[in-house]
Amino acid sequence: EVRRKISLGSPYPYALEDDLITDAITAGSSATVTNTGNIETKPIFFITGAGSSAVCTIVNTASGLTLKYDPTRPGAVPVPSAHSLQIDCAEGTCLLDGDPDLDYIAGLDPSASDFWSLLPNGPSSPGGEQVVSVSGSNVQVKHYASWV
């Protein structure tokens, strides 16, 4: 009998399945975001630049956790028009257009921000569904279904 061990290199302790899922949410509204996997997954948020000093708040109503980008905080700047702010909850980063040289982490309000997860299927989120509310800017929520 021959046995082989296969190691898959991944920065995550779980498997990512299928394609990247994207949910667009307009400023001032909510949308149901579904994690079809069986464990929590960390989303990436893309905040569309308004070219103003608008504060953007993203709330996961299932967990009650928030992310708040406030461009009026010390060291922070507004997201320019035609650009997007990429907040990666898995990496704990806040970058303009995903560029590591354009770190905008100073705009995240530490008293109102958590790098939160999308919950899997369970009693508090049947089918992995949770409502995400957005104010201040349009946001795209991107994530993978995650499995163990």
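What you are looking at is a predicted structure, and each value in this text was computed from that prediction instead of being measured.
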What's the spacing between [X] [atom1] and [Y] [atom2] if we round to 0.5 Å?
X: Thr93; Y: Ile87; atom1: OG1; atom2: CD1; result: 9.0 Å
X: Leu67; Y: Ile47; atom1: CG; atom2: CD1; result: 7.5 Å
X: Ser63; Y: Leu119; atom1: OG; atom2: CG; result: 5.5 Å
X: Gln140; Y: Gln86; atom1: CD; atom2: CD; result: 11.0 Å
X: Glu129; Y: Thr34; atom1: CD; atom2: OG1; result: 4.5 Å
X: Asp114; Y: Leu108; atom1: CG; atom2: CG; result: 10.5 Å

Look only at the side chain of [X] and the backbone of [Y], and say whether a donor-acceptor pair between them is shorter than 3.5 Å.
X: Thr41; Y: Tyr144; result: yes
X: Asp97; Y: Asp99; result: no
X: Ser117; Y: Lys42; result: no
X: Gln130; Y: Gly128; result: yes

Over all atoms of both residues, closest heavy-atom pair of [X] and [Y]:
X: Pro43; Y: His143; answer: CA-CB, 4.1 Å
X: Asp70; Y: Thr72; answer: OD1-OG1, 2.5 Å
X: Arg73; Y: Ala106; answer: NE-O, 3.3 Å
X: Ala54; Y: Gly136; answer: CB-O, 3.7 Å

Exercise for the section: Return each pair, listed once, that meets side-chain hydrogen bond (donor to acceptor under 3.5 Å, both in side chains) where at least one residue sits in residues 20-32; pairs must be two or more places apart or across chains. Expected result: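 Qualifying pairs: Ser30-Ser133.
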Problem - All pairs passing side-chain hydrogen bond (donor to acceptor under 3.5 Å, both in side chains) where residues 102-112 contributes a residue, at least two apart - result: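 Checked against side-chain hydrogen bond (donor to acceptor under 3.5 Å, both in side chains) - neighbours excluded - the pairs reaching residues 102-112 are Asp109-Ser111.
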Would [X] end up clustered with [Y] when hydrophobic side chains under 4.5 Å apart are linked, directly or stepwise?
X: Ile25; Y: Val131; result: no
X: Val55; Y: Ile105; result: no
X: Leu65; Y: Phe45; result: yes

Is the shortest heavy-atom distance from the side chain of [X] to the side chain of [Y] under 4.5 Å?
X: Ser137; Y: Val79; answer: no
X: Thr61; Y: Val132; answer: no
X: Tyr69; Y: Leu85; answer: yes

Problem - Co-members of the apolar cluster containing Ile44 [side chain, <4.5 Å] - result: Phe46
Practice task
Test Asn60 against Leu118 for side chain to side chain contact (heavy atoms under 4.5 Å, CB included), laying out the working first.
Solution key: CA-CA 8 Å; Asn60 181 333; Leu118 294 171; 4.2 Å; yes
